[in-house]
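This report concerns only the one structure given below.
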Amino acid sequence: MAKIERVGVVGCGLMGSGIAQVCAQAGFRTMVREVSPDRLEGGLRSISKRLERLEDKEKINAAEREAALARIDGTTELADLAECDMVIEAVVEDLEVKNALWRELEAICSPEAIFASNTSSLTITEMAATTGGRGRLIGLHFFNPVPVMQLVEVVGTIETNHSVLESATDFVRRLGKEPIACRDASGFVVNRLLVPYMMDAIRMLEQGVASAEDIDKGMQLGAGHPMGPLALCDFVGNDTLARIGDIMYEEYRERRYAAPPLLKRMVSLGRLGRKSGRGFYEYPEDGG
Ligand code: 3HC
């Protein structure tokens, strides 16, 4: 089993910054790459703020916060990931973009490095098929907010080396997260169930069955969910959800994955959820 010490994270947005944070907190040397200095700075600032909040809440002490920050380096150059034993990508959900990235990383990293995609809905096989090192490409699917959510889906293809999956599962445990093993099917376990549920909640709103508030209250108080499905749509991002739904619909051709018209209209109007300040609800302090 390969020993993982240095981790590269490509993308320092919502997911990438969370992944980099948990890697650094777990003691891994972490190199984060963003495409521009502005985006890199924004991502690193969000990590720093979250660590400060953890210190304020006395979940970590000042020395732990400083040590975690000291373990993270930022770069805009992919070549700086050359020494990484594990590279996790959390870039845009676009197969062409991800495949181009893997091809570049193949030329940079050691042949033993493990490549992991945080894709929500694309298949790992479609990525592995375009790279030379099919045996080392896996899915490591984290959940938002990454520092809070306990689960990571560990996904292998029919060509993934067993030792790579073992190392990745051990890595997930070292992050303090719980792994589950999944076959490479679009949406894996969680999104396969969660996406149709969220789409159904939007259809229910479209049909006027109940108000957004009452649909959400129903699932919070009647089924014990931490947030209702429409609040969750806003939390994930309505554009992200529509994109995931499109990819899953393309894969399975089942209507339950397809974005309902209301979701598409909301995306067209820029009502993306928390990040834009307005979605099914209003968030004046978040993005507006
Ligand atoms: N980043 C880091 N920590 C956060 C956070 C964030 N964005 N949001 C909340 N937290 C922390 C808080 O600091 C707090 O920590 P503490 O207990 O140590 O004080 C804890 O989470 C609880 O937060 P709050 O008390 O403010 O609020 P809630 O109790 O309502 O919890 C929540 C917030 C954790 C987001 C909870 O509502 C929840 O679990 N919601 C469901 C989230 C979910 O389903 N995520 C999966 C989305 S699907 C996905 O990611 C897959 C992708 O492919 C689409």
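Scope of the values below: all heavy atoms of this structure, side chains included, with no hydrogens, waters or symmetry mates. Atoms within a ligand are numbered from 1 in the order they appear, just like the ligands themselves. Since the structure is predicted, the reported quantities are computational estimates derived from the model, not experimental observations.
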Given a cutoff of under 4.5 Å between side-chain heavy atoms of I, L, V, M, F, W and Y, with clusters grown through shared members, what are the other residues clustered with [X]?
X: Leu269; answer: none
X: Leu78; answer: Val10, Met31, Leu81, Val87, Val91, Val92, Leu95, Val97, Leu101, Trp102, Leu105, Ile108, Phe115, Leu122, Ile124, Met127, Leu137, Val155, Phe188, Ile247
X: Ile158; answer: none

Tyr252/Arg192 under side chain to side chain donor-acceptor pair (under 3.5 Å): CA gap, chis, key distance, verdict | CA-CA 11 Å; Tyr252 298 112; Arg192 185 95 174 248; 3.2 Å; yes
Residue shell around ligand 1, heavy atom under 4.0 angstrom |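 Protein residues near ligand 1 are Arg50, Lys57, Lys59, Ser120, His141, Phe143, Asn144, Pro145, Val148, Met149, Asn191, Leu194, Pro226, Met227, Leu232, Phe235, Val236, Ile244.
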Which atom pair, heavy atoms only, marks the closest approach of Glu34 to Arg39?
->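 It is OE1-NE, 3.4 Å.
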Would you call Arg243 and Asp246 a salt bridge, using N to O less than 4.0 angstrom?
->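 Salt bridge between Arg243 and Asp246, a charged N being under 4.0 Å from a carboxylate O: no.
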